[in-house]
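Contents: one structure, followed by commentary.
All values reported here derive from a predicted model rather than from experimental measurement. Counting convention: from 1, in listed order, for ligands and their atoms alike. All heavy atoms count here, side chains included; hydrogens, waters and symmetry mates do not.
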Amino acid sequence: MELKGKVYVAGHRGMVGSAIVRQLTRKGITEIIGKTSAELDLRNQALVEAFFEAYRPDYVFLAAAKVGGIYANNVYRAEFLYDNIMIATNVIHAAWKYKVKKLLFLGSSCIYPKFAPQPIREEFLLTGPLEPTNEPYAIAKIAGLKLCENYRRQYGCNFFAVMPTNLYGPNDNYELESAHVLPALIRKFHEARTKGLKQVVVWGDGSPLREFMHVDDLAKACVFLMENYEEAEIINVGTGQEISIKDLALLIKKIVGFEGEIVFDTEKPNGTPRKLLDCSRLQAMGFFPEIPLERGIREVYHEYVSNLSHK
Ligand code: GFB
């Protein structure tokens, strides 16, 4: 199926939304609608309905969300729950009301149980307790995917949800309190090198395993699934490669050229011990990511440094 008509990318300035816009543009799709949060507060039902009534999008990529790393998830718990539930509810309900042809909702791999068997298959959803540091965010994302599932069941809407693994790429957040580990470590190692510091502090004990995907690969997967996926089930999107936080720190240290030592702050939480997605269903459709981790990190590091020099 080709995407013909108006495409609304909710969250088009964020890391995921902007990558989806780049991918749509590459494919020659021109009718792309985006609204900043100042122009349209997606937590406000009346504003969201008025927007859908005025613009009548045919397709929706729901990539708008309040997101952050382990610290922000754990501290701003009420906001992560409230904002994300409101965004998902308002947009999905309006998409039903204004007859959107197809909607893709972005979930997250943290919706799976903390101790899910690995690699994590889609059917492990709701089979055990969640990781406590991100339970509010995960509950909101589970509400979103359940909205897709049940608007489909009750009203026949072509809505579905994608579960991406941990992401990185252009337009990431480098604020240390709210960042995810990869951009946080790029900043920490870069500042340590340029200021001549002797140590970089890495949170937790370095043992957790994570899977990192470049957001351009995710965006390709999202557009591919919007065009080709017609099932009700959620679908995982990852690389199949995992790395420990310690090895990630060593890799970023090498790329940045920092020569001091790494210190682990075990007062900070590790979070989920392991989070590797089983992507057999996506692979069976013929989709494979293309950007290897080291190359991806080198590219984002280059971008980070050039953005600093433009400030
Ligand atoms: O990226 P991150 O915050 O996300 O942390 P999660 C991953 C791991 O890196 C954890 C460690 O074990 C952190 O303790 N880490 C080490 C650091 N140094 C740092 C640092 O400087 N900053 C950060 N942020 N971490 C999030 C969830 O979990 O992943 C969200 O909270 C979301 O809900 C997202 O799903 C993808 O993988 O632990």
[X]-ligand 1 polar pair, N/O distance under 3.5 Å:
X: Leu176; answer: no
X: Cys110; answer: no
X: Ser108; answer: yes

Could you label the plane-to-plane angle of the [X] and [Y] rings as parallel, tilted or perpendicular, counting under 30° as parallel and over 60° as perpendicular?
X: Tyr155; Y: Tyr151; value: tilted
X: Phe258; Y: Phe189; value: tilted
X: Phe224; Y: Phe287; value: tilted
X: Tyr229; Y: Phe160; value: tilted

side-chain hydrogen bond (donor to acceptor under 3.5 Å, both in side chains) between Asn236 and Asp278, intermediate numbers included: CA-CA 7 Å; Asn236 289 341; Asp278 182 320; 5.9 Å; no

What's the shortest distance from [atom] to any protein heavy atom, and which residue and atom give it?
atom: atom 31 (O) of ligand 1; answer: Asn73 ND2, 3.1 Å
atom: atom 27 (C) of ligand 1; answer: Asn134 ND2, 3.2 Å
atom: atom 24 (N) of ligand 1; answer: Ala179 O, 2.9 Å
atom: atom 1 (O) of ligand 1; answer: Val181 N, 2.8 Å
atom: atom 3 (O) of ligand 1; answer: Ile70 N, 2.7 Å
atom: atom 18 (N) of ligand 1; answer: Trp203 N, 2.9 Å
atom: atom 8 (C) of ligand 1; answer: Ile245 CD1, 3.6 Å
atom: atom 10 (C) of ligand 1; answer: Asn270 O, 3.3 Å

At their closest point, which heavy atom of Gly206 faces which heavy atom of Phe264, and how far apart are they? CA-CE2, 3.5 Å

Atoms in ligand 1 flagged as close to [X], the criterion being non-hydrogen separation under 4.0 Å:
X: Ala184; value: 20 (C), 21 (O), 22 (N)
X: Lys188; value: 20 (C), 21 (O)
X: Pro208; value: 12 (O)
X: Val202; value: 16 (C), 18 (N)

One pair to check against salt bridge (charged side-chain N to carboxylate O under 4.0 Å, His left out): Lys102 and Glu230. What are the steps and the verdict? CA-CA 10 Å; Lys102 197 164 182 181; Glu230 295 300 334; 2.9 Å; yes

Salt-bridge contact [X]-[Y] (side-chain N to carboxylate O under 4.0 Å):
X: Lys146; Y: Glu149; result: yes
X: Lys275; Y: Glu131; result: no
X: Lys27; Y: Glu2; result: no
X: Glu231; Y: Arg152; result: no

Check whether the ring centres of Phe80 and Tyr76 lie less than 6.0 Å apart, and answer yes or no. no

Which is closest to [atom] by heavy-atom distance: [options]?
atom: atom 29 (O) of ligand 1; options: Lys275, Glu135, Glu211; answer: Lys275
atom: atom 6 (P) of ligand 1; options: Arg210, Glu177, Glu131, His180; answer: Arg210
atom: atom 13 (C) of ligand 1; options: Pro164, Pro269, Gly271; answer: Pro269

Close approach of Tyr71 to ligand 1, heavy atoms, under 4.0 angstrom: no

